2 protein chains.
Amino acid sequence: MPAKISTLATRKAAARRPSGGLSPLEVEAIDLFISLVRLLGMPKSVGEIYGLLFASPEPLALDALMRRLHMSKGAASQGLKVLRSFGAVRAVYVAGDRRDHYVADFELSKFASTFIKEELQPHLDSGAARLERMAHHLAKLPKAEREAARARMAKLQHWKEKGQAMLPWLLKFLVA
Amino acid sequence: MPAKISTLATRKAAARRPSGGLSPLEVEAIDLFISLVRLLGMPKSVGEIYGLLFASPEPLALDALMRRLHMSKGAASQGLKVLRSFGAVRAVYVAGDRRDHYVADFELSKFASTFIKEELQPHLDSGAARLERMAHHLAKLPKAEREAARARMAKLQHWKEKGQAMLPWLLKFLVA
DNA sequence: CATCCTGTTCATTTTTATTTGAACATAATG
DNA sequence: CATTATGTTCAAATAAAAATGAACAGGATG
């Protein structure tokens, strides 16, 4: 087995947490990203993993995440899967080590655009489909109620258009 | 007890759902708002209530919501509380009826600004506080790691500023 | 003022989301 | 090619969120 290649600094840093403890800086970063992913409706473990990778100067493998975050192998594997799928994290090659090592990708743009495309857009699309069905039901309504209902539907239509107009703009803002 | 005052149309509409069933239009509206509130991390019941009120031509009281949505009194009460707190719903007076009757407020602006102020802003604030703590920890880091850590922190700082810059704009966009 | 009507609160139950851990697949190693 | 290391998947366990319903508070009503 070839010797592990590492800098003096990273060896020292690793040696400082022999039993996988977290530095105060790492704890803060993890907390920060936990609240961010919760805001986006993702499991806490995803935030923990990204937070630790974000704070870590060296790439980390799955077993390091497990050990340092007290997390099962399954959770770490699934969390990494999500983060990969969003482009928030990527694997880097580490010479002489079979394991996959991950680093946090600092460019939020990919993350934001994937999130919008996969999470927000589908909602808007299904909303649009629903509006069409509603227009259809509307026609069959007794005319006493039809007018009031039509006014409400127009409101919904307006909101939908506003949402659709905002997404691309929001995306550009985040990416910039 | 004074006679209930109602229009011919609303009496007819009410008569059409004697056992509290929902029209197809109402079902679509409810589904739409369920997915919206879920997106914002709120319980489904909140979406059900708003959806039904949105679709309903007449104001509805708590017991009507319970009956038509098959929802417990507690859930209806709490859902209305949330909706009131966001300004998404308001009570209207109905002559000769002791119960509180609610209508959906169609102006999303209040809702959006309350949501941003109560849900998003606190996250940004706690994030800012965390950044300060992190800067403090940074100073105590051995200098071998300090530079890499500082670069990461600068990235976070940048994101925070971007987020803070976006909120007011987003708000204006939604309100317009 | 006793009773009824309406709505709120909160301990308990139910439902849903997340995590665990063991079984499995795959690939590297000797 | 047997063994070991690594990572994934998924059924079961656990934790978290939401709904229920009974107890309660307050106000109207007769």
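Values below: all heavy atoms of this structure, side chains included; hydrogens, waters and symmetry mates excluded. Everything quoted here is computed from the prediction, not taken from an experiment. Lettering of chains follows the sequences in order, A, B, ..., and the numbering in each one begins at 1.
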*Describe the nucleic acid contact of A:D100 in one word from base, sugar-phosphate, nothing, applying a heavy-atom distance below 4.0 Å.*
sugar-phosphate

*Which part of the nucleic acid, if any, lies within reach of B:K73 when heavy atoms closer than 4.0 Å are counted: base, sugar-phosphate only, or nothing?*
base

*When only distance counts, do a donor and an acceptor, one from the side chain of B:R98 and one from the base of D:dA28, lie under 3.5 Å apart?*
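In this structure, the two groups form no donor-acceptor pair.
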
Heavy-atom distance under 4.5 Å between the side chains of [X] and [Y], does that happen here?
| X | Y | result |
| --- | --- | --- |
| A:V89 | A:D105 | no |
| A:E119 | A:H123 | no |
| B:M134 | B:H136 | no |

Integer-rounded Å distance: [N] [atom2] and [X] [atom1]:
| X | N | atom1 | atom2 | answer |
| --- | --- | --- | --- | --- |
| A:H70 | C:dG21 | NE2 | C1' | 17 Å |
| B:L83 | C:dG7 | CG | P | 15 Å |
| B:Q78 | D:dA18 | CD | C1' | 9 Å |
| A:I49 | D:dT8 | CD1 | P | 11 Å |
| B:Y102 | C:dT6 | OH | P | 13 Å |
| B:L69 | D:dA18 | CG | P | 17 Å |
| A:L80 | C:dT18 | CG | P | 17 Å |
| B:M42 | D:dA16 | CE | C1' | 18 Å |

*Let me know, please, whether B:S45 or A:D63 comes out on the 5' side of the other along DNA chain D by nearest nucleotide.*
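It is A:D63, whose closest nucleotide lies nearer the 5' terminus.
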
Which nucleotide wins on minimum distance to the side chain of [X], given the candidates [options]?
| X | options | answer |
| --- | --- | --- |
| A:L62 | C:dG7, D:dT8, C:dT19 | D:dT8 |
| B:M71 | D:dT20, D:dA19, D:dT6 | D:dT20 |
| A:P43 | C:dT20, C:dT18, C:dT8 | C:dT18 |

Indicate whether OP1 or OP2 belonging to [N] is found under 4.0 Å from a side-chain N or O atom of [X].
| X | N | result |
| --- | --- | --- |
| A:R38 | C:dA17 | no |
| B:R99 | D:dA28 | no |
| B:S72 | D:dA19 | no |
| A:K81 | D:dT9 | yes |
| A:S77 | D:dG7 | no |

_Contact nearer the 5' end of DNA chain C, comparing B:A61 with B:A75_ =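 Residue closer to the 5' terminus by nearest nucleotide: B:A61.
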
_Go through it in stages, so that I can follow the logic: the residues are B:I49 and B:V82, the test is side chain to side chain contact (heavy atoms under 4.5 Å, CB included), and I'd like the CA-CA distance, side-chain angles, deciding distance and then a yes or no._
CA-CA 11 Å; B:I49 295 170; B:V82 170; over 6 Å; no

*Go through the steps to decide whether A:R150 and A:E147 satisfy the test salt bridge (charged side-chain N to carboxylate O under 4.0 Å, His left out), and finish with yes or no.*
CA-CA 5 Å; A:R150 197 192 302 283; A:E147 247 339 286; 3.1 Å; yes

_Going by salt bridge (charged side-chain N to carboxylate O under 4.0 Å, His left out), name the pairs with one or both residues in residues 35-50 of chain A, residues two or more places apart or in two chains._
none

